[in-house]
Amino acid sequence: MRFGIPIHLLPKKSEEKEIKINIDYDAYILSLIKTGLSTENPALFKELFGKPTQKNYSTSVFFPNATFTKDNIVLDKNGEMKLYFSTANTNLAINFYNSFVYLDHLDAEKLPFGHSYLADVKKLYTVELPKITKDRVIFKTMSTIVIRNDEGRFISCPNDSTEEGLAEFNDALRRNTFNKLRDNESLASTVKGLKFKPIKMRKTVRKSFGLNIECTKGIFELEGNPTLLNFIQESGLGEKTGTFSGMISLA
C-alpha cells in the first residue's frame, strides 16, 4: 500500500519571502513521521525507532517546481512538498495511515519544520500500485538506492551491466533483502534468484543526518520471483528505506 501526503511549509516570520531548506532535510521530515506514530501507537514507535532496525517500508520526498543548489532547496511560493510512504505490511500501513491522518488534523503551529518553518500536513491519498506477474520488470527510482558491501562501505551500482562491480552490488542487495525477510521463510528462500541489471543508472551522493552517502538512481531491471518483486515494489529496495531512500515504481 502506498500513500501520498502533501505538505506545505509556512514561514514562522511573515516577512520571509523565500522558503528555503537545507539539502539535508531528513531529520525534519522524520520528526513529523515520529510525531504522528508516537501518538497513534507508542509501542510500534518504540519497536521501529527505539534502536536501529531495517525498515520494511520505503519513503521518498518530491519537491514540485523547486530549485536545487549545492546546499539548499528553494521551494515554490506555496512551500509545497510531497511525502510518499509505501509498505507491503498491512499492520504498518494501518498505523502509518492513522499517523498521517492525525498530522492532517493537527494545527500547523504545533508542527515545527526546523527552526524557520511550520509544516501544514494535508489530507493523504492512496497511490495504486500495479500487480506484478512477470519475473522481469523495469523500475525507476523515486528515491536513491542505498547499499553497503560486506565491509560496511556504501557502494553505487556500475552503469555497465558487464562490470565486475555489479556482482558485488547484487550480492549486497540480496543480503539486505534476505535480512528484511527473516520472518518470512518462504519468501526469503526466493531471494537467491534476485538479480539487478542497470539500464540507465548513475552514481550520486545524498546528504542524510550529516553524512555524505554514495548511492544510485535511474532505471533498472529486476529479475526474480513475482511475489518478491511485489514486496520490493511496496516496501523498498536496499537500505535506509525508512529515511527517504529505496522507493521504486514501474518505469
Side-chain angles (χ1 to χ4, degrees), residues 2 23-26 54-64 66 68-70 73 82-88 127 129-130 132 134-181 190-209 211-226 228-251:
R2 182 168 296 179
I23 200 77
D24 186 355
Y25 56 78
D26 290 8
Q54 289 277 4
K55 305 297 191 291
N56 275 332
Y57 61 82
S58 60
T59 46
S60 67
V61 185
F62 178 55
F63 299 93
F68 291 79
T69 67
K70 179 182 177 182
I73 304 171
K82 292 182 180 179
L83 167 66
Y84 291 96
F85 174 90
S86 186
T87 183
V127 179
L129 295 177
I132 295 172
K134 299 180 180 180
D135 59 7
R136 290 174 182 257
V137 183
I138 297 176
F139 289 103
K140 61 183 178 182
T141 54
M142 289 181 64
S143 51
T144 55
I145 297 172
V146 175
I147 286 291
R148 273 184 278 211
N149 63 10
D150 284 336
E151 300 170 351
R153 179 173 59 86
F154 292 111
I155 59 174
S156 55
C157 175
N159 195 40
D160 186 347
S161 61
T162 63
E163 289 188 32
E164 183 177 343
L166 185 58
E168 179 187 30
F169 188 86
N170 266 294
D171 286 344
L173 197 62
R174 283 189 286 266
R175 182 178 62 252
N176 172 262
T177 304
F178 181 82
N179 288 338
K180 290 181 179 180
L181 292 167
T190 69
V191 172
K192 59 186 177 183
L194 182 65
K195 185 176 181 181
F196 182 105
K197 179 182 178 181
I199 295 177
K200 190 177 181 181
M201 302 293 292
R202 69 179 179 89
K203 170 185 172 181
T204 187
V205 176
R206 73 178 303 259
K207 282 193 172 183
S208 178
F209 294 93
L211 296 176
N212 290 318
I213 298 176
E214 180 179 333
C215 49
T216 314
K217 64 188 299 185
I219 301 172
F220 59 95
E221 179 187 81
L222 274 186
E223 178 182 348
N225 178 284
L228 177 62
L229 297 184
N230 277 293
F231 170 82
I232 292 172
Q233 178 185 215
E234 289 191 277
S235 296
L237 183 66
E239 300 186 41
K240 294 189 173 294
T241 56
T243 47
F244 319 109
S245 294
M247 183 176 284
I248 62 175
S249 63
L250 295 187

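As the structure is a prediction and not an experimental result, all values here were calculated from the model.
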Is any side-chain heavy atom of [Y] closer than 4.5 Å to one of [X]?
X      : Y      : result
Lys217 : Thr141 : yes
Tyr84  : Thr59  : no
Asn170 : Leu166 : yes
Ile23  : Tyr25  : no
Phe154 : Val146 : yes
Phe62  : Leu83  : no
Val61  : Lys82  : no
Gln233 : Leu250 : yes

Within this structure, what is the [atom1]-[atom2] distance for the pair [X] and [Y], rounded to the nearest 0.5 Å?
X      : Y      : atom1 : atom2 : value
Glu239 : Asn176 : CD    : CG    : 5.0 Å
Ile213 : Thr204 : CD1   : OG1   : 11.5 Å
Leu222 : Lys195 : CG    : NZ    : 11.5 Å
Cys157 : Phe196 : SG    : CZ    : 4.5 Å
Leu228 : Thr177 : CG    : OG1   : 6.5 Å
Ser58  : Phe85  : OG    : CZ    : 8.0 Å

For side-chain contact (heavy atoms from CB on, under 4.5 Å), just list the numbers for Arg175 and Asp150, CA-CA rounded to whole Å, side-chain angles, deciding distance to a tenth of an Å, and then say yes or no.
-> CA-CA 9 Å; Arg175 182 178 62 252; Asp150 284 336; 2.7 Å; yes
Decide yes or no on side-chain contact (heavy atoms from CB on, under 4.5 Å) for Ile155 and Glu168, but give the supporting numbers first.
-> CA-CA 9 Å; Ile155 59 174; Glu168 179 187 30; 4.0 Å; yes
Does the side chain of Gln54 pick up a donor-acceptor pair with the side chain of Asn179 at under 3.5 Å?
->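 No, no side-chain donor-acceptor pair sits under 3.5 Å.
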Do the side-chain N and O atoms of Ser156 and Glu214 include a donor-acceptor pair separated by under 3.5 angstrom?
->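 Yes, side-chain donor-acceptor contact under 3.5 Å.
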Quick one: closest heavy-atom pair of [X] and [Y], and the distance?
X      : Y      : answer
Phe139 : Ile132 : CZ-CD1, 3.6 Å
Met201 : Ile219 : SD-O, 3.2 Å
Tyr57  : Thr241 : O-OG1, 2.7 Å
Pro226 : Lys134 : CG-O, 3.6 Å
Gly224 : Leu229 : O-CD1, 3.7 Å
Ser245 : Ser143 : C-OG, 3.2 Å

Under the salt bridge (Lys or Arg N to Asp or Glu O under 4.0 Å) rule, what do Arg206 and Asp24 come out as? Steps first, then yes or no, please.
-> CA-CA 8 Å; Arg206 73 178 303 259; Asp24 186 355; over 6 Å; no
Answer yes or no: is there an ion pair linking Asp26 with Lys207, defined by an N-O contact shorter than 4.0 Å?
->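 Salt bridge: no.
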Salt bridge present between Lys197 and Glu223 (N-O < 4.0 angstrom) |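 Salt bridge flag = no for Glu223 with Lys197.
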Is a side-chain donor or acceptor of Arg174 paired with a backbone partner of Leu194 at a separation under 3.5 angstrom?
->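 The answer is yes, because a donor-acceptor pair under 3.5 Å joins these two groups.
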Between Phe220 and Ile248, is a side-chain contact (heavy atoms from CB on, under 4.5 Å) present by the stated rule, with each step listed?
-> CA-CA 10 Å; Phe220 59 95; Ile248 62 175; 3.8 Å; yes
Show the numbers, then the answer: is there a side-chain contact (heavy atoms from CB on, under 4.5 Å) between Arg153 and Arg148?
-> CA-CA 5 Å; Arg153 179 173 59 86; Arg148 273 184 278 211; 6.0 Å; no
Determine, stepwise, if the pair Arg136 / Glu221 fulfils salt bridge (Lys or Arg N to Asp or Glu O under 4.0 Å).
-> CA-CA 7 Å; Arg136 290 174 182 257; Glu221 179 187 81; 3.4 Å; yes
